[in-house]
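Notes follow once the structure below has been shown.
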Amino acid sequence: MPIVKTSKLITIERHITEEGAMHPDATGEFSHLLRDFTLAMRILARDVRRAGLNDVLGQTDGTNIHGERVKRLDIHANDVIFRAMDHGGHLCVMASEEADGMIAIPDEYRKGKYVLVFDPLDGSSNIDVNVTIGTIFSIYKRVDPSLNTPGTLEDCLQHGWKQVAAGYAMYGSSTQLVYSSGNGVDVFTFDPTIGEFLLTYEKIRIPKRGKIYSVNSGNAHKWPQGVRDYVTHLLKPSDDGIRPYSLRYVGTMVADIHRTLHYGGIFMYPGDTSMPDGKLRLVYEVNPMAFLIEQAGGRASDGVKRVLDIKPTSLHQHIPCFMGSEEDVLEVEEFLRAASSE
Ligand code: P6P
């Protein structure tokens with residue numbers, strides 16, 4: 001699978017502008033919003049690249065709402081995104097993994113019709129050992145776009161199918177920005193010599209079935225029976241050679257999803273006896289990734305329901321997730337159904 005699939009020299013700004021022109025009611029506001037966000041991604045790409053040198057590694061004394069020790073780069077990334085996005089006049093409210101409640105747009109700035117929710121630095125546990133980390137984001141229109149007042153919690157808790165765009169930045173061997181505004185999934189690779197994100201892969205299509213499963217097997221003793229039965233099935237050699245599957249697990253959702261988009265297979269974070277709703281957060285981790293997976297032709301569920309059809313009830317709520325190649329996700333759902341009917 002090539003990781004470069006276009007020779008056209010197109011920057012993300014030009015791509016956003018051209019896609020914006022496809023929407024007759026486009027005012028350019030959405031393009032300006034994405035332009036501002038790519039500035040934050042450029043800055044974070046630089047800072048992550050130099051993390052070992054410019055003293056942003058290490059932990060703060062604090063923990064976030066999830067009880068997780070907060071890395072200094074988490075705080076820095078949250079601050080960079082806030083400062084890039086708070087004054088553009090395109091947003092009415094923001095929400096972040098690193099903020100307990102909603103993030104208000106300062107009084108002095110115009111309130112726009114969009115909502116931004118994000119995980120500023122996904123994969124924090126990997127920061128200090130130079131393993132791929134990322135930023136996940138999702139953009140909605142506010143519930144009542146005619147308003148110019150501060151956004152509300154309801155604006156942040158919309159169904160995932162209402163996302164107007166979603167994506168992630170992946171700070172790995174190169175920095176890539178993967179996003180969709182509902183017209184397929186495109187990949188842009190950052191060229192630091194010119195400070196531009198260039199289009200390197202157009203309209204990713206996830207294989208209908210893969211040969212990789214991605215899950216933290218250290219939790220296996222706590223999984224529901226259906227998940228255990230499914231993984232046992234994946235590891236049993238089949239006559240057609242499709243099984244056994246290989247296990248690949250980075251422990252950064254952005255990296256595991258990026259591989260799944262390109263190679264297919266399934267990424268799972270099931271609920272278990274200690275975390276009945278799993279570890280991943282619906283609003284700013286699972287929903288944006290589910291949007292991308294579906295835009296690439298895959299499937300994303302909580303094991304029963306389509307993720308994008310689930311109404312969020314709180315900013316930081318967890319949700320079990322099974323996402324990737326359509327046939328693989330349908331198969332785990334069948335194992336879960338069979339186990340629950342026993
Ligand atoms: P575990 C990173 O901390 C994260 O939020 C996701 O990026 C990742 O998929 C998951 O947690 C890893 O969790 O329990 O396997 O270490």
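Heads up: numbering here begins at 1 and tracks the sequence. Note: hydrogens, waters and symmetry copies are ignored here, and every other heavy atom, side chains too, is used. For ligands, and for the atoms within them, numbers begin at 1 and follow the listed sequence. Since the structure is predicted, the reported quantities are computational estimates derived from the model, not experimental observations.
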Point to revise | Centroid-centroid under 6.0 Å between Phe197 and His15 rings | key: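 Between Phe197 and His15, the centre distance exceeds or equals 6.0 Å.
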Point to revise | Proximity of Tyr140 and Tyr114 rings by center, below 6.0 Å | key: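 No, ring centres 6.0 Å or more apart.
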Contact atoms of ligand 1, heavy-atom distance to [X] under 4.0 Å:
| X | answer |
| --- | --- |
| Tyr249 | 1 (P), 12 (C), 13 (O), 15 (O) |
| Lys279 | 1 (P), 3 (O), 10 (C), 11 (O), 12 (C), 13 (O), 14 (O), 16 (O) |
| Glu285 | 5 (O) |
| Thr252 | 7 (O) |
| Gly123 | 2 (C), 7 (O) |

Practice item. Check whether any side-chain N or O of Arg243 sits under 3.5 Å from a backbone N or O of Leu235 as a donor-acceptor pair, and report yes or no. Key: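 No, Arg243 side chain to Leu235 backbone: no donor-acceptor pair under 3.5 Å.
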Practice item. Note the single closest protein heavy atom to atom 4 (C) of ligand 1, along with its residue, its atom name and the distance in Å. Key: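 Looking only at protein heavy atoms, the one closest to atom 4 (C) of ligand 1 is Asp122 OD1, 3.9 Å.
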Check your understanding: Which heavy atom of the protein is the closest neighbour of atom 8 (C) of ligand 1, given with residue, atom name and distance?
Key ->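 Of the protein heavy atoms, Gly251 O, 3.4 Å lies nearest.
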Review point. Less than 3.5 Å between some nitrogen or oxygen of Met253 and one of ligand 1, yes or no?
Key: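 Between Met253 and ligand 1, an N or O pair is found under 3.5 Å apart.
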Check your understanding: Could an N or O of ligand 1 be found under 3.5 Å from any N or O of Tyr269, whether backbone or side chain?
Key ->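 Yes; the residue has a nitrogen or oxygen that sits under 3.5 Å from a nitrogen or oxygen of the ligand.
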Review point. With Phe137, which of Phe291, Phe37, Tyr168, Tyr284 fulfils ring-ring contact (aromatic ring centres under 6.0 Å, His included)?
Key: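 Of the listed residues Phe291, Phe37, Tyr168, Tyr284, the ring-ring contact (aromatic ring centres under 6.0 Å, His included) partner of Phe137 is Phe37.
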Review point. Are Tyr201 and His262 side-chain neighbours, meaning at least one heavy-atom pair lies under 4.5 Å?
Key: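 The answer is yes, as the side chains (C-beta and beyond) meet within the 4.5 Å cut-off.
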Exercise for review: Side-chain contact test, heavy atoms from C-beta onward, threshold under 4.5 Å: evaluate it for Glu331 versus His233 and give yes or no.
Suggested key: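 Result yes, sub-4.5 Å side-chain heavy-atom pair found.
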Exercise for review: Tell me which part of Asn216 gets within contact of ligand 1: side chain, backbone, both or neither, using heavy atoms under 4.0 Å.
Suggested key: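 The answer is the side chain of Asn216.
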Check your understanding: Going by distance alone, is a donor N or O of one side chain under 3.5 Å from an acceptor N or O of the other, for Lys222 and Ser274?
Key ->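 On atom types as modelled, these side chains qualify, holding a pair under 3.5 Å.
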